[in-house]
2 protein chains.
Amino acid sequence: MSRRDSVRNRERLVTSAREVFAEHGFGATLDDIARHAGLGTGTAYRHFPNKHAIAAEVLRDATEQIVVDAEEALAIEDPWDGLVQFFQRTASRQATDRGLYETLTGQGDDDEQARIWPRIVASVTELFERGQRAGAIREDAAPQDVAAVFAMLGPAFAMSRTIDPELWRRYLALMLDALRPGHPPLPVPPPPAAALDTILRSSKK
Amino acid sequence: MSRRDSVRNRERLVTSAREVFAEHGFGATLDDIARHAGLGTGTAYRHFPNKHAIAAEVLRDATEQIVVDAEEALAIEDPWDGLVQFFQRTASRQATDRGLYETLTGQGDDDEQARIWPRIVASVTELFERGQRAGAIREDAAPQDVAAVFAMLGPAFAMSRTIDPELWRRYLALMLDALRPGHPPLPVPPPPAAALDTILRSSKK
DNA sequence: GCTTAACGGAGATCCGCTCTCCGGTTACGA
DNA sequence: TCGTAACCGGAGAGCGGATCTCCGTTAAGC
């Protein structure tokens, strides 16, 4: 049987990783995580072969929540309200969890992004098209634009971190206003749906 | 007197730097620039003590253009048309010049940003407030939001690079629609004007 | 042609991150 | 209570990527 301290330290590491990734993003070091947990690096590497392994464990919960957000949004009768709730909840999570933003956005753990992405896309597309059929969303927008909106919120999250934790709500509201009907037609067609996965990976080298 | 080949090589380096910074951003290496110019690293370091020095020379022209854009926009009678032209021209420059975006956004050369920033802010504030007085811009927007909009366009520029060079126009149009009057009030006040310089530095460590 | 400034690029140096190794410590069973 | 296996900690080896130097070679200018 395994020792009590070993079990306890593993938990501490996971908790620490959650906090460190949230605050400093995926660029954080396993050493950082260990130190933040009050443990040595050796201990960290005994429990997890590398950063990827511990990240996988931490990220799964966070990304899974996004899917839940989308499903809960679909349960709301009013299509626009549903979309707004989805955006707000999901954005709120990303505003306080830099690692989550990076993962969804293709700047973090590729495997986890690949795993969760199709499921998010499926739900969001449904949510979006429902809103569009109901006339709550402008005709010339496309589901792909949702991904773009989240990508563009990234800098807003960064500003929130240094200026005012709630600032991102202002810019999300701005984007939502733009998605309403009653605007002149958009000048360029949306990116092809097939490019959806590439959309956010773009900032990569 | 200095040798002709020396003069020629210096020019080649500057041209090369312009191209390399535009394509790969400020993270590019002096070695990269030298190789792209078809010259050796030693040559690069003889002409410029470090990356900062050559960047300063290259960036000045590019940032200066932004100021010109703003002034030209002020010369247009219709306040809204002026603002749109400013956004389109300046965004167009940034879409094709990654180094320029990074500089304006505080992810590149800090000195050059500090140098040009006040002048851009002055012009843009005037441009923006003129539009607002004319009722072309929603009441609850603020000049600071312009900086935020440019920050948020960053991911759109990245997408343009990999998907379609003109794609950023779609998302700029989206943001401009949102700046028009006739929307529900924004939920959070704009960042303080004093935070303007910090706004974009946010993505930094 | 000769002198000498300028060139080129291999490699020294630095830096930050990843991961290992092993002496010291501690939990747990007998 | 004691012995031992399991676990801990953190110094530092290894690695990769960037910056910058050094010096033998090249060619411009007279």
Side-chain angles (χ1 to χ4, degrees), chain A residues 1-17 19-21 23-59 98-99 102-103 107-112 203-205, chain B residues 1-17 19-21 23-59 98-99 102-103 107-112 203-205:
Chain A
M1 70 176 285
S2 71
R3 283 167 51 158
R4 256 208 311 288
D5 56 346
S6 175
V7 173
R8 189 202 44 181
N9 282 342
R10 191 183 197 283
E11 277 164 13
R12 280 193 188 168
L13 283 167
V14 172
T15 304
S16 172
E19 293 167 4
V20 172
F21 283 140
E23 181 163 357
H24 300 292
F26 197 73
T29 283
L30 243 198
D31 287 38
D32 294 338
I33 294 169
R35 212 161 348 96
H36 184 252
L39 300 171
T41 21
T43 307
Y45 279 93
R46 194 161 333 93
H47 285 288
F48 302 93
N50 50 48
K51 188 165 73 174
H52 177 88
I54 195 168
E57 185 148 339
V58 163
L59 289 174
R98 205 167 147 185
E102 290 175 1
T103 301
Q107 301 167 278
D109 186 307
D110 289 352
D111 291 354
E112 180 59 19
S203 57
K204 280 264 192 73
K205 177 58 146 335
Chain B
M1 69 176 285
S2 69
R3 282 167 49 160
R4 226 182 279 118
D5 57 344
S6 174
V7 174
R8 181 189 38 124
N9 282 342
R10 190 182 197 284
E11 277 165 14
R12 282 192 186 168
L13 283 167
V14 172
T15 303
S16 171
E19 293 166 4
V20 171
F21 283 140
E23 181 163 357
H24 300 292
F26 196 73
T29 282
L30 243 198
D31 288 41
D32 295 339
I33 294 169
R35 210 156 348 97
H36 184 251
L39 300 171
T41 18
T43 307
Y45 279 93
R46 195 162 331 94
H47 285 288
F48 302 94
N50 49 48
K51 187 165 74 175
H52 177 89
I54 195 168
E57 186 149 339
V58 164
L59 289 174
R98 206 168 146 183
E102 290 175 0
T103 302
Q107 300 167 278
D109 186 305
D110 289 353
D111 291 353
E112 180 59 20
S203 57
K204 280 262 193 75
K205 180 51 149 335

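Each chain gets a letter, A, B and so on, in the order the sequences are listed, and its residues count up from 1.
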What nucleotide among [options] has an atom nearest to a side-chain atom of [X]?
| X | options | result |
| --- | --- | --- |
| A:Asp5 | C:dT18, D:dC7, C:dA6 | D:dC7 |
| B:Thr29 | C:dA6, D:dA18, C:dC17 | D:dA18 |
| A:Arg46 | C:dC19, D:dA27, D:dC7 | D:dC7 |

Qualifying residue for side chain to side chain contact (heavy atoms under 4.5 Å, CB included) with B:Phe21, from B:Leu59, B:Thr103, B:Asp109, B:Ile33: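 Among B:Leu59, B:Thr103, B:Asp109, B:Ile33, the one that satisfies the side chain to side chain contact (heavy atoms under 4.5 Å, CB included) with B:Phe21 is B:Ile33.
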
Quick check: on DNA chain D, is the nucleotide nearest B:Arg8 upstream (toward 5') of the one nearest A:Gly40, or the reverse? Name the residue that is more 5'.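 Residue closer to the 5' terminus by nearest nucleotide: A:Gly40.
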
Atom of A:Lys51, atom of A:Phe26 and distance for their closest heavy-atom approach: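 Nearest pair, atom of A:Lys51 first, then A:Phe26: NZ-O, 3.1 Å.
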
If I take atom [atom1] in residue [X] and atom [atom2] in nucleotide [N], what distance separates them, rounded to the nearest angstrom?
| X | N | atom1 | atom2 | answer |
| --- | --- | --- | --- | --- |
| A:Asp31 | D:dG14 | CG | P | 17 Å |
| A:Tyr45 | D:dG14 | OH | P | 16 Å |
| A:Phe48 | C:dT18 | CZ | C1' | 16 Å |
| B:Arg12 | C:dC7 | CZ | P | 10 Å |

Touch check for [X], heavy atoms < 4.0 angstrom, all strands: base, sugar-phosphate only, or nothing?
| X | answer |
| --- | --- |
| A:Ser6 | sugar-phosphate |
| A:His47 | sugar-phosphate |
| B:Asn9 | sugar-phosphate |
| B:Arg4 | sugar-phosphate |

C:dG9 base / B:Thr41 side chain donor-acceptor hit below 3.5 Å: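 Under the 3.5 Å cut-off, the side chain and the base do form a donor-acceptor pair.
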
Between C:dA5 and B:Arg3, counting only base atoms on the nucleotide and side-chain atoms on the residue, is there a donor-acceptor pair under 3.5 Å?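 Such a pair is found, so the answer is yes.
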
Report the distance from atom CG of B:Leu30 to atom OG1 of B:Thr43, rounding to the nearest 0.5 Å.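 Reported value, rounded in 0.5 Å steps: 11.0 Å.
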
Assess whether a salt bridge exists between A:Arg8 and A:Asp5, defined as any Lys/Arg side-chain N lying under 4.0 Å from an Asp/Glu carboxylate O.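 Answer for the salt bridge query: no.
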
